[in-house]
Amino acid sequence: MPQLEEGYSMPLVAIGRCRQDLSWLANEPDSWIWHGIGEDETAPAVKKLNDLNEDGNWHPFGYQNFVELLDDPDAPCELFNKIYLRGGAKSMAQFWRKQREEGLNHVIINFKPTKRPIADCLADMEKYVFPEVNKD
């Protein structure tokens with residue numbers, strides 16, 4: 001049976017809410033990944049988690065998007081049903097950059113609805129999205 005090194009704890013990432021109270025999510029898991037959050041709801045959610053935090057540790061917040069990455073990197077980005085993001089790579093980069101500025105720490109990207117070859121999508125992500133989102 002695998003053993004953890006002494007003093008090391010296994011990180012716990014909560015996925016979804018599972019009817020957990022927000023104070024539990026703000027204190028128990030090392031991170032929380034949610035879904036179905038509107039672009040104007042990120043900052044209030046992060047603030048609420050920070051306000052409820054009692055252990056003094058940073059508990060990053062993230063969410064999942066279904067992503068339809070269009071051929072045109074300049075196509076406007078639209079969020080549908082708080083989870084389905086459709087648009088060009090440049091506008092998605094701006095979308096996620098703004099979300100990062102509002103406290104978002106990680107995004108799970110699901111390319112399932114994208115009709116383009118995945119290699120092209122990843123190339124656009126590398127060229128347009130990652131540099132913009134990760135610049136300080």
Side-chain angles (χ1 to χ4, degrees):
M1 174 178 214
Q3 299 290 317
L4 295 175
E5 293 179 26
E6 190 171 327
Y8 179 82
S9 62
M10 182 68 69
L12 171 66
V13 177
I15 308 292
R17 182 131 181 224
C18 298
R19 298 184 183 169
Q20 293 296 327
D21 188 77
L22 284 177
S23 63
W24 184 87
L25 290 164
N27 290 285
E28 298 301 326
D30 296 294
S31 181
W32 178 33
I33 297 173
W34 202 18
H35 59 83
I37 187 165
E39 60 188 291
D40 58 342
E41 297 173 288
T42 300
V46 170
K47 182 181 182 325
K48 180 73 170 175
L49 291 171
N50 289 338
D51 289 348
L52 292 170
N53 180 269
E54 298 172 359
D55 67 11
N57 294 322
W58 178 55
H59 297 262
F61 172 73
Y63 59 65
Q64 184 268 340
N65 283 135
F66 288 101
V67 171
E68 184 178 358
L69 192 59
L70 302 177
D71 287 327
D72 178 3
D74 294 309
C77 185
E78 297 177 88
L79 181 64
F80 300 95
N81 298 321
K82 299 183 178 186
I83 196 166
Y84 182 91
L85 195 61
R86 180 179 192 268
K90 289 180 182 178
S91 61
M92 280 190 193
Q94 292 301 314
F95 177 88
W96 284 321
R97 177 68 187 185
K98 183 175 182 275
Q99 291 292 283
R100 180 180 176 203
E101 290 167 358
E102 294 188 7
L104 183 70
N105 296 105
H106 43 262
V107 177
I108 296 175
I109 299 168
N110 184 334
F111 284 118
K112 186 176 180 179
T114 299
K115 309 255 187 297
R116 296 175 60 208
I118 193 65
D120 293 350
C121 293
L122 294 175
D124 279 357
M125 295 293 285
E126 182 179 15
K127 182 176 180 180
Y128 300 112
V129 177
F130 300 148
E132 177 63 28
V133 172
N134 293 317
K135 75 179 180 184
D136 289 316

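With contacts defined as side-chain heavy-atom distances shorter than 4.5 Å, the pair I33/V13 qualifies. Proximity of H59 to L49: side-chain heavy atoms (C-beta onward) are nowhere separated by under 4.5 Å. Between Y63 and I83 there is no side-chain heavy-atom pair separated by less than 4.5 Å. In this structure, V46 and E102 have side chains that are not in contact, with every pair of non-hydrogen atoms separated by 4.5 Å or more.
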Kindly list each side-chain donor-acceptor pair under 3.5 angstrom involving residues 106-113, sequence neighbours excluded, with atom names and distances?
{"residue": "H106", "atom": "NE2", "partner": "S31", "partner atom": "OG", "Å": "3.1"}
{"residue": "H106", "atom": "NE2", "partner": "G62", "partner atom": "N", "Å": "3.4"}
{"residue": "N110", "atom": "OD1", "partner": "K112", "partner atom": "N", "Å": "2.8"}

Mind listing the side-chain donor-acceptor pairs of residues 122-129 below 3.5 Å, one per line with the distance, residues two or more places apart or on another chain?
{"residue": "D124", "atom": "OD2", "partner": "R116", "partner atom": "NH1", "Å": "3.0"}
{"residue": "D124", "atom": "OD2", "partner": "R116", "partner atom": "NH2", "Å": "3.1"}

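In this structure, OG in S91 is found 7.5 Å from CG in L85, a value given to the nearest 0.5 Å.
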Show, in sequence, the C-alpha distance, side-chain angles and deciding distance for D120 and K115, and conclude whether the salt bridge (Lys or Arg N to Asp or Glu O under 4.0 Å) test is met. CA-CA 10 Å; D120 293 350; K115 309 255 187 297; over 6 Å; no
One pair to check against side-chain hydrogen bond (donor to acceptor under 3.5 Å, both in side chains): T42 and Q99. What are the steps and the verdict? CA-CA 7 Å; T42 300; Q99 291 292 283; 2.4 Å; yes
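For the salt bridge (Lys or Arg N to Asp or Glu O under 4.0 Å) condition, no pair includes a residue of residues 5-33, sequence neighbours left out. The stretch residues 8-41 participates, sequence neighbours left out, in these ring-ring contact (aromatic ring centres under 6.0 Å, His included) pairs: W32-W34, W32-F61.
Between the side chains of D51 and N53, no donor-acceptor pair of N or O atoms lies under 3.5 Å. Judged purely by distance below 3.5 Å, without hydrogens or angles, the side chains of E132 and Q94 pair a donor atom with an acceptor atom. Looking only at atom types and distance, the side chain of N65 has a donor-acceptor partner in the side chain of W96 under 3.5 Å away.
Partners of E78 under the side chain to side chain donor-acceptor pair (under 3.5 Å) rule, at least two apart in sequence or in another chain, do not exist in this structure. Scored by the salt bridge (charged side-chain N to carboxylate O under 4.0 Å, His left out) test, E101 finds R97 as partners (sequence neighbours excluded).
Closest approach of L25 to A14, counting heavy atoms only: CD2-CB, 3.8 Å. The shortest heavy-atom contact between D55 and N57 is OD1-N, 2.8 Å. Residue L79 comes nearest to E39 through the heavy atom pair CD2-N, 3.9 Å, listed as atom of the first residue, atom of the second, then distance.
Note: the hydrophobic cluster containing I118 also contains L69 (ILVMFWY, side chain heavy atoms under 4.5 Å, direct or indirect links). Two different hydrophobic clusters hold V67 and L70 under the rule that ILVMFWY side chains link at heavy-atom gaps under 4.5 Å.
A salt bridge does not link D40 with K82: none of the charged nitrogens is closer than 4.0 Å to a carboxylate oxygen.
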